[in-house]
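Here the structure is laid out as structure tokens; the discussion comes afterwards.
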Amino acid sequence: SQTIHQWPATLVQPVGSPLSLECTVEGTSNPNLYWYRQAAGRGLQLLFYSVGIGQISSEVPQNLSASRPQDRQFILSSKKLLLSDSGFYLCAWTPRGAGNTIYFGEGSWLTVV
Amino acid sequence: GQQVMQIPQYQHVQEGEDFTTYCNSSTTLSNIQWYKQRPGGHPVFLIQLVKSGEVKKQKRLTFQFGEAKKNSSLHITATQTTDVGTYFCENDMRFGAGTRLTVKP
């Protein structure tokens, strides 16, 4: 069966510090991979998605970047965090193709102080 | 992709009352998915609707896809405290704003 792992689960970072959130998917090949952000009590904002190694699409201009160095690995990064980067970050995957169920990781709570 | 609009933003009900959340789009949707997110958790897939006019049921939950495939609804009959959470619709990777349901015992 397929599983998705995301870490760290929580982190508190000072303004201006770097960020790296990592996500891996097991039990499938060539997945589509996603990063979403959810502000407290709000909806899910699509940040990045990837259909293959090295292929990243950005949905909104922001202080974040994403990379996909391996087929089942997706990384969310920032060089200098802002207070507004605080939120709940969710990695997700779908089987290749459109209109598929989205499977989410457990999420990472980021607080920028 | 066009984002679906979801209402209401919040719904507070007495246990045993019914609950409905709605999603609407200005364009025809190929499909729509529904998810539930418990407080502090991550969204979990509930169901997918694909066909025009489709109705699917999961125990007390009824999901509908409009005839024109531009709207969808999730209805919960006789809510229970275990129904608490935020319900999202989704199309083409994009989610509605969600409806947060709270249930008073």
Side-chain angles (χ1 to χ4, degrees), chain A residues 1-10 21 23 25 28 31-52 55-60 66 74 76 87-111, chain B residues 1-12 21-25 27-52 54 56 58 63 65 69 72 74 84-102:
Chain A
S1 63
Q2 300 88 6
T3 57
I4 178 169
H5 302 283
Q6 179 181 348
W7 67 94
T10 60
L21 300 179
C23 171
V25 180
T28 187
N32 292 336
L33 297 173
Y34 309 85
W35 279 109
Y36 287 88
R37 176 169 60 197
Q38 186 174 34
R42 302 296 295 276
L44 296 157
Q45 181 186 29
L46 178 62
L47 301 176
F48 301 96
Y49 68 93
S50 171
V51 298
Q55 301 179 59
I56 309 295
S57 296
S58 176
E59 283 290 297
V60 293
F74 207 22
L76 183 69
F88 189 42
Y89 289 83
L90 290 153
C91 182
W93 75 275
T94 64
R96 185 56 55 88
N100 287 300
T101 300
I102 299 176
Y103 299 96
F104 286 89
E106 297 291 327
S108 299
W109 289 97
L110 169 65
T111 303
Chain B
Q2 191 84 14
Q3 188 155 6
V4 289
M5 305 304 294
Q6 186 173 1
I7 57 170
Q9 189 174 1
Y10 303 97
Q11 187 80 56
H12 178 71
T21 174
Y22 303 88
C23 282
N24 296 287
S25 170
T27 59
T28 302
L29 304 172
S30 56
N31 56 70
I32 193 162
Q33 286 69 238
W34 286 92
Y35 298 76
K36 176 183 179 181
Q37 183 177 24
R38 294 181 184 274
H42 60 278
V44 175
F45 172 77
L46 294 176
I47 210 150
Q48 181 183 60
L49 303 172
V50 178
K51 300 177 182 177
S52 169
E54 189 169 18
K56 289 188 176 180
Q58 290 179 349
F63 304 84
F65 204 7
K69 299 182 72 173
S72 181
L74 158 58
V84 165
T86 302
Y87 293 85
F88 293 97
C89 58
E90 175 262 326
N91 170 261
D92 191 25
M93 308 178 290
R94 290 160 183 83
F95 286 77
T99 298
R100 180 184 292 182
L101 172 64
T102 55

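From a predicted model like this one, the values you see are computed outputs, not experimental measurements. Only this structure's heavy atoms are used, side chains among them; waters, hydrogens and symmetry mates stay out. Each chain gets a letter, A, B and so on, in the order its sequence line appears, and its residues count up from 1.
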Can you name the closest pair of heavy atoms from A/Phe104 and B/His42 and give their distance?
O-CD2, 3.7 Å
Looking at side-chain heavy atoms only, is the closest gap between A/Phe88 and B/Gln37 below 4.5 Å?
yes
Flag if over 12 foreign heavy atoms under 6.0 Å of OH, B/Tyr22
no
Where on [X] is there a heavy atom nearer than 4.5 Å to chain B: the side chain, the backbone, both, or neither?
X: A/Gln38; value: side chain
X: A/Leu44; value: both
X: A/Ile102; value: both

Distance from [X] atom [atom1] to [Y] atom [atom2], nearest 0.5 Å?
X: B/Met93; Y: A/Tyr34; atom1: CE; atom2: OH; answer: 6.0 Å
X: B/Gln9; Y: A/Arg42; atom1: CD; atom2: CZ; answer: 7.0 Å
X: B/Gln48; Y: A/Asn100; atom1: CD; atom2: CG; answer: 7.5 Å

Out of B/Ala97, B/Gly96, B/Pro43, B/Gly98, return the one with the most heavy atom pairs under 4.5 angstrom to chain A.
B/Pro43
What part of B/Gln6 gets closer than 4.5 Å to chain A, counting heavy atoms only: side chain, backbone, both or neither?
neither
Flag, side chain of A/Tyr103 to backbone of B/Phe45, donor-acceptor distance under 3.5 Å:
no
